[in-house]
**Student:** 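First the structure, which I've put down as structure tokens, then a few questions once you've had a look.
Everything quoted here is computed from the prediction, not taken from an experiment. These numbers come from the heavy atoms of this one structure, side chains and all, not from hydrogens, waters or symmetry mates.
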Amino acid sequence: MKNIEILKKANIDVDKGIELLGDIEMYDETLQDFLDESKDRMERIQKSLEEGNMESYAIDVHAMKGDANYLGFTKLAELSLAHQLKSQDNDIKYVKSHYEELMKETSRIIEVVEQYLNS
């Protein structure tokens, strides 16, 4: 049995995730899917930003927001939503100035999830 306290101590709303996904097994599977996808997604987000492609950027941060909501990553969900809305408004200045915060939180979540899944 994995140590769920790892997630809770990292301010992840595990109970919300389990409630939305049905049970801990489905939650764990979805966490693994998030991990599998997130590194590619982070690369796509960075590439979209470098190219100034706010449409593509918005698609990926929207997907990240959805995952974050389902998995109880409250702060990441809030940051992703802000980035989604600003990129849809083509506010590249906001996106660039807040990009580091989004990537830092995403990396933190990935680290915590890896630690949990390997516990």
**Student:** Quick one: salt bridge (Lys or Arg N to Asp or Glu O under 4.0 Å) partners of Lys47, sequence neighbours excluded?
**Tutor:**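 For Lys47, the residues satisfying salt bridge (Lys or Arg N to Asp or Glu O under 4.0 Å) (neighbours in sequence not counted) are Glu51.
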**Student:** Answer yes or no: are there more than 12 heavy-atom neighbours, outside Tyr70 itself, under 6.0 Å from its atom OH?
**Tutor:**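 Not more than 12 within 6.0 Å, no.
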**Student:** To the nearest 0.5 angstrom, please state how far the CG atom of Asp89 sits from the CD atom of Gln84.
**Tutor:**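 It is 10.5 Å, given to the nearest 0.5 Å.
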**Student:** Applying salt bridge (Lys or Arg N to Asp or Glu O under 4.0 Å), which residue pairs with at least one partner in residues 63-79 are found, sequence neighbours left out?
**Tutor:**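 Residue pairs with at least one partner in residues 63-79: Arg41-Asp67.
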**Student:** Under the rule for ring-ring contact (aromatic ring centres under 6.0 Å, His included), what residues qualify as partners of His62, not counting sequence neighbours?
**Tutor:**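 Testing His62 for ring-ring contact (aromatic ring centres under 6.0 Å, His included), a comparison that skips the adjacent residues, returns none.
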**Student:** Would you please name every residue forming a side-chain hydrogen bond (donor to acceptor under 3.5 Å, both in side chains) with Gln32, sequence neighbours left out?
**Tutor:**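 Applying side-chain hydrogen bond (donor to acceptor under 3.5 Å, both in side chains) to Gln32 gives Asp36.
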**Student:** Any link between Leu81 and Met42 through a network of hydrophobic side chains (Ile, Leu, Val, Met, Phe, Trp, Tyr) touching at under 4.5 Å?
**Tutor:**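 Leu81 does not cluster with Met42.
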**Student:** Suppose we screen for side-chain hydrogen bond (donor to acceptor under 3.5 Å, both in side chains). Which residues come up paired with Ser48, at least two apart in sequence or across chains?
**Tutor:**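 By the side-chain hydrogen bond (donor to acceptor under 3.5 Å, both in side chains) rule, Ser48 matches Ser56.
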**Student:** Quick check: is Phe73 connected to Ile18 through a chain of hydrophobic side chains (ILVMFWY, heavy atoms under 4.5 Å apart)?
**Tutor:**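 In one cluster: yes.
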**Student:** Do Leu85 and Ile92 share a hydrophobic cluster (ILVMFWY, side-chain heavy atoms under 4.5 Å, transitive)?
**Tutor:**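 No, Leu85 does not connect to Ile92 through the hydrophobic network.
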**Student:** Taking salt bridge (Lys or Arg N to Asp or Glu O under 4.0 Å) as the test, write out the residues that go with Glu50, two or more places apart.
**Tutor:**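 With neighbours one apart ignored, the set is empty.
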**Student:** Which residues pass the side chain to side chain contact (heavy atoms under 4.5 Å, CB included) test with Asp91, not counting sequence neighbours?
**Tutor:**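 Applying side chain to side chain contact (heavy atoms under 4.5 Å, CB included) to Asp91 gives Lys86, Lys93, Tyr94.
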**Student:** Flag yes if Ile59 and Leu76 sit in one hydrophobic cluster, no otherwise; membership is Ile, Leu, Val, Met, Phe, Trp, Tyr, and two members link when side-chain heavy atoms are under 4.5 Å apart.
**Tutor:**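 No: no chain of side-chain contacts under 4.5 Å links Ile59 to Leu76.
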**Student:** With Asp15, which residues qualify under salt bridge (Lys or Arg N to Asp or Glu O under 4.0 Å), at least two apart?
**Tutor:**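 Testing Asp15 for salt bridge (Lys or Arg N to Asp or Glu O under 4.0 Å), a comparison that skips the adjacent residues, returns Lys8.
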**Student:** Using the test side-chain hydrogen bond (donor to acceptor under 3.5 Å, both in side chains), find all partners of Tyr57 that sit at least two apart in sequence or belong to another chain.
**Tutor:**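 side-chain hydrogen bond (donor to acceptor under 3.5 Å, both in side chains) list for Tyr57, sorted by chain: His83.
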**Student:** Name each donor-acceptor pair under 3.5 Å that joins a side chain in residues 107-119 to protein atoms two or more places apart or in another chain, with its distance.
**Tutor:**
from   : atom 1 : to     : atom 2 : distance (Å)
Ser107 : OG     : Met103 : O      : 3.0
Arg108 : NE     : Glu105 : OE1    : 2.9
Arg108 : NE     : Glu105 : OE2    : 3.4
Arg108 : NH1    : Ala10  : O      : 3.1
Arg108 : NH2    : Ala10  : O      : 3.3
Arg108 : NH2    : Glu105 : OE2    : 2.9
Glu114 : OE2    : Lys39  : NZ     : 2.9
Tyr116 : OH     : Asp28  : OD1    : 2.6
Tyr116 : OH     : Asp28  : OD2    : 3.3
Asn118 : ND2    : Glu114 : O      : 2.9
Ser119 : OG     : Asn3   : N      : 2.9
Ser119 : OG     : Tyr116 : O      : 2.6

**Student:** Could you tell me whether the side chain of Leu21 reaches within less than 4.5 Å of the side chain of Leu71, counting heavy atoms only?
**Tutor:**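 Yes - at least one pair of side-chain heavy atoms lies under 4.5 Å apart.
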**Student:** Evaluate the side-chain proximity of Leu79 to Thr106: yes if any heavy-atom separation is below 4.5 Å, no if none is.
**Tutor:**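 A side-chain contact is absent here, since even the closest heavy-atom pair is not under 4.5 Å.
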**Student:** Going by side chain to side chain contact (heavy atoms under 4.5 Å, CB included), name the residues that satisfy it together with Ala77, two or more places apart in sequence or in a different chain.
**Tutor:**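 Scan of Ala77 (side chain to side chain contact (heavy atoms under 4.5 Å, CB included), adjacent residues dropped) gives Ala68, Asn69.
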**Student:** For Arg44, check side-chain hydrogen bond (donor to acceptor under 3.5 Å, both in side chains) against everything at least two apart and list the hits.
**Tutor:**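 Expected list: Glu37, Asp60.
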**Student:** Please find the pair of heavy atoms, one from Leu49 and one from Lys96, that lie closest to each other, and give the distance.
**Tutor:**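 So the minimum-distance heavy-atom pair works out to CD1-CG, 3.7 Å.
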**Student:** How far apart are the C-alpha atoms of Lys2 and Leu7, what are their side-chain angles, what is the distance that settles it, and do they pass the side chain to side chain contact (heavy atoms under 4.5 Å, CB included) test?
**Tutor:** CA-CA 10 Å; Lys2 295 176 183 60; Leu7 300 175; over 6 Å; no
**Student:** Between CG of Leu31 and OG of Ser38, what distance do you get to the nearest 0.5 Å?
**Tutor:**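 Those atoms lie 10.5 Å apart.
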